[in-house]
Amino acid sequence: MAYRFLSSRVVPSSNRLSRRFIFIFTISLSFMYLCYSILFCSGTIMPNQRLEDHRCVHLKNIGSKKLLQKSHYCTISAKARVISDETRAVSLLNLTGNQSKHSAFKKTQDVVDHKQSNNSNSPKYGNKKLPNALIVGVKKGGTRAVLEFIRIHPDVRALGTEPHFFDRNYDKGLDWYRGLMPRTLDSQITMEKTPSYFVTREAPRRISSMSRETKLIVVVRNPVTRAISDYTQTLSKKPDIPSFEELAFKNRSQGIVDTSWNAIRIGMYILHLENWLQYFRLSQIHFVSGERLITDPAGELGRVQDFLGLKRIITDKHFYFNRTKGFPCLKKPESSSQPRCLGKSKGRTHIQIDQEVIEQLREFYRPFNVKFYEMVGHDFRWD
C-alpha cells in the first residue's frame with residue numbers, strides 16, 4: 001500500500017497530460033515545417049521565366065560561364081530567345097519593303113547567327129538548297145566581282161568559296177554539294193561560282209542532271225586581255241615558268257598559236273558555248289561584260305538582277321571607283337566601318353607584252369569572237 005501511494009505521488013496525472021500535450025505540439029510543429037519546406041522548394045525549383053532570365057544574367061555577371069553552359073534552365077531560355085529573334089526576323093521581312101528589307105534582314109540575321117554560334121543546339125535559320133543559279137565562267141573575267149556585288153542583294157545567298165563540284169568533286173554526290181550551300185529562305189536564291197565549269201566538257205550535262213532550269217551566268221572579257229591576266233596570275237605563283245610568248249605560240253614567226261595552252265583555249269568562247277547549248281537554252285545563259293563591269297558596275301548588275309528575276313536594289317549608290325586598284329568597290333555598308341574591295345590579287349598590274357604579239361593574238365581570236373557575237377546576239381567590241 002505504501003508503495004502504491006508513493007508511486008502515485010511521484011507521477012501525478014497532470015504531468016502525464018503535460019507530456020502528451022508537448023508530444024502533440026512537437027509533432028504539429030514538425031508537420032508544419034515539412035509542409036513549409038515542400039512549398040518553398042517547389043517555388044525555388046519552378047520559378048517563372050523572368051526569374052530564370054535574371055538568374056542567367058546574374059550568373060554571367062559574376063563570371064559563371066562554365067556553370068551556365070551546363071545549366072538546364074539557362075539553356076532553355078537561350079533557345080527561347082533565339083526562336084523569338086527568328087520569328088521577329090521573318091516578320092520584318094514580310095512587313096518591310098525591299099529597300100528596308102535588306103537592312104532589317106541583315107541586322108536581325110546577324111543577331112540570330114551570333115546567338116546560334118554560341119548555342120550549337122539552337123534551331124538553324126532557313127534551309128540548305130541546291131543552287132538556283134551558277135556563275136560558271138570564265139576565269140579572270142570578273143566572276144569574283146559579280147559574286148561579291150550580287151551577294152549584297154537581300155534575296156541572294158551565295159557560297160563564298162569555289163566548290164568545284166561539277167568538275168572535280170562530282171563523285172561526292174548532290175547531298176555533299178547541298179551541304180556546302182548557305183541556308184536560305186524559300187524566297188531567296190542560292191548561288192555559287194566556279195569559273196572552270198565553263199570549259200569543263202562534262203559540266204553542262206552534270207548541271208542539267210541536277211536541274212534543267214538552272215540559270216547560268218558567264219562573265220566574258222576580251223580573250224587577249226584575259227589570257228595576259230591569266231598568265232600574270234600564274235607567274236605570281238610560279239616565277240620560273242616560260243615567257244608568255246613561248247607558251248602562246250607553237251611558231252611565232254608563222255603566227256601559229258598553241259591552242260592546247262589553257263590560257264589561250266579558255267578565250268575561244270564559242271567552242272565552249274556550243275557544248276552548253278546541247279543541254280541549256282540560250283535564254284538560260286546571261287553574259288556579263290568584264291569590261292563594262294569596271295566602267296559601269298551598276299548597269300551590269302542591273303541586268304544580272306533582271307536575269308535572276310530580282311528587283312533592282314543594287315544601284316549606283318552602292319559603288320565607288322577605287323583609283324588605286326583601277327576597279328569599282330562597294331561603298332561602306334551600314335554594318336562595317338570599311339568599304340569592301342576585292343582582294344589584292346584583283347586589279348593586279350599585267351605584265352608588259354610586245355604589241356606585235358597582242359596583234360597576232362587579236363587576229364587569231366577574231367573569227368571566234370565574230371561567231372560568238374552572232375550566237376549571243378551582242379557585239380562586245382573586242383576587235
Side-chain angles (χ1 to χ4, degrees), residues 135-148 159-172 192-203 218-272 275 288 290-291 293-294 322-329 341-369 382-383:
I135 301 175
V136 297
V138 297
K139 180 183 179 184
K140 305 310 294 180
T143 57
R144 172 56 62 178
V146 172
L147 182 73
E148 292 301 321
L159 183 64
T161 57
E162 297 176 6
H164 285 278
F165 175 66
F166 295 105
D167 57 352
R168 302 177 190 171
N169 297 304
Y170 193 65
D171 59 331
K172 295 183 178 179
E192 69 108 327
K193 77 104 176 171
T194 303
S196 55
Y197 290 163
F198 190 64
V199 297
T200 300
R201 189 75 186 171
E202 301 83 5
V218 184
V219 190
V220 290
R221 184 182 185 184
N222 186 319
V224 178
T225 309
R226 197 221 64 82
I228 295 172
S229 178
D230 198 338
Y231 176 79
T232 302
Q233 183 183 55
T234 304
L235 186 65
S236 67
K237 300 175 181 178
K238 300 176 181 179
D240 56 344
I241 61 172
S243 68
F244 179 85
E245 291 83 351
E246 291 178 80
L247 294 171
F249 294 93
K250 287 183 177 180
N251 188 321
R252 184 185 166 188
S253 62
Q254 297 180 16
I256 302 175
V257 176
D258 189 352
T259 57
S260 66
W261 187 33
N262 200 46
I264 293 293
R265 187 173 61 88
I266 290 174
M268 301 161 69
Y269 302 136
I270 185 61
L271 300 184
H272 308 300
N275 184 34
V288 176
E291 287 79 18
L293 190 61
I294 296 175
N322 187 311
R323 296 185 181 277
T324 302
K325 295 182 71 67
F327 206 84
C329 296
C341 286
L342 300 181
K344 294 180 180 179
S345 63
K346 309 302 178 183
R348 182 190 288 118
T349 302
H350 293 174
I351 62 167
Q352 293 295 317
I353 302 295
D354 187 82
Q355 189 61 34
E356 184 180 346
V357 171
I358 293 176
E359 290 300 326
Q360 286 178 302
L361 289 178
R362 283 178 177 170
E363 288 297 321
F364 166 77
Y365 278 120
R366 183 168 287 111
F368 295 100
N369 291 343
W382 292 327
D383 301 304

Could you go through Thr143 and Val138, starting from their C-alpha distance and side-chain angles, then the distance that decides it, and tell me whether this counts as side-chain contact (heavy atoms from CB on, under 4.5 Å)? CA-CA 7 Å; Thr143 57; Val138 297; 5.9 Å; no
Step by step, would you call Phe244 with Leu361 a side-chain contact (heavy atoms from CB on, under 4.5 Å)? CA-CA 12 Å; Phe244 179 85; Leu361 289 178; 3.7 Å; yes
Check against side chain to side chain donor-acceptor pair (under 3.5 Å), Glu359 and Gln355: CA-CA 6 Å; Glu359 290 300 326; Gln355 189 61 34; 3.3 Å; yes
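Under the 4.5 Å side-chain criterion, counting only non-hydrogen atoms from C-beta, Phe249 is not in contact with Ile256. At least one side-chain heavy atom of Ile294 sits under 4.5 Å from a side-chain heavy atom of Pro328. Looking only at side-chain heavy atoms (C-beta outward), Asn169 and Pro163 stay at 4.5 Å or farther from each other. In this structure, Glu291 and Trp382 have side chains that are in contact, with non-hydrogen atoms separated by less than 4.5 Å.
Of all non-hydrogen atoms in Asn275 and Thr200, the two that sit nearest each other are ND2-O, 4.1 Å. Taking each heavy atom of Leu293 and Ala145 in turn, the nearest pair found is CD2-CB, 3.8 Å. The nearest pair of heavy atoms linking Lys140 to Ser229 is CE-OG, 3.1 Å. Minimum interatomic distance between Met268 and Phe364 (heavy atoms only, all atoms of both residues): SD-CZ, 4.2 Å. Of all heavy-atom pairs spanning Tyr365 and Ala263, the tightest one is OH-O, 4.0 Å. Of all heavy-atom pairs between Ser236 and Gln233, the closest is OG-O, 2.5 Å.
One finds the CG atom of Leu235 at 5.0 Å from the CD1 atom of Ile241 (value rounded to the nearest 0.5 Å). Between atom CG of residue Asn369 and atom CD1 of residue Ile270 there is a gap of 10.0 Å, rounded to the nearest 0.5 Å. Atoms CD1 and OG1, from Ile264 and Thr259 in turn, are 9.0 Å apart once rounded to the nearest 0.5 Å. Rounding to the nearest 0.5 Å gives a distance of 5.5 Å between CZ of Phe368 and CG of Leu271. Of the inter-residue distances, the one linking Thr225 atom OG1 with His350 atom NE2 reads 7.5 Å to the nearest 0.5 angstrom. How far OH of Tyr231 is from CZ of Arg226: 14.5 Å, rounded to the nearest 0.5 Å.
Ion pair Arg252/Glu245 not flagged as a salt bridge, since none of the NZ, NE, NH1 or NH2 atoms sits closer than 4.0 Å to an Asp/Glu carboxylate oxygen. Between Arg362 and Asp383 there is no salt bridge, since no side-chain N of the basic residue sits under 4.0 Å from a carboxylate O of the acidic one.
Each of His164, Glu192, Glu162, His272 was evaluated against Tyr197; a single residue qualifies, Glu192, per the side chain to side chain donor-acceptor pair (under 3.5 Å) test. When Asn262, Thr194, Asp230 are each tested for a side chain to side chain donor-acceptor pair (under 3.5 Å) with Lys139, only one passes: Asp230.
Ring-plane geometry between Phe165 and Tyr170 is classed as tilted, the angle between the planes lying from 30 to 60 degrees on a 0 to 90 degree scale.
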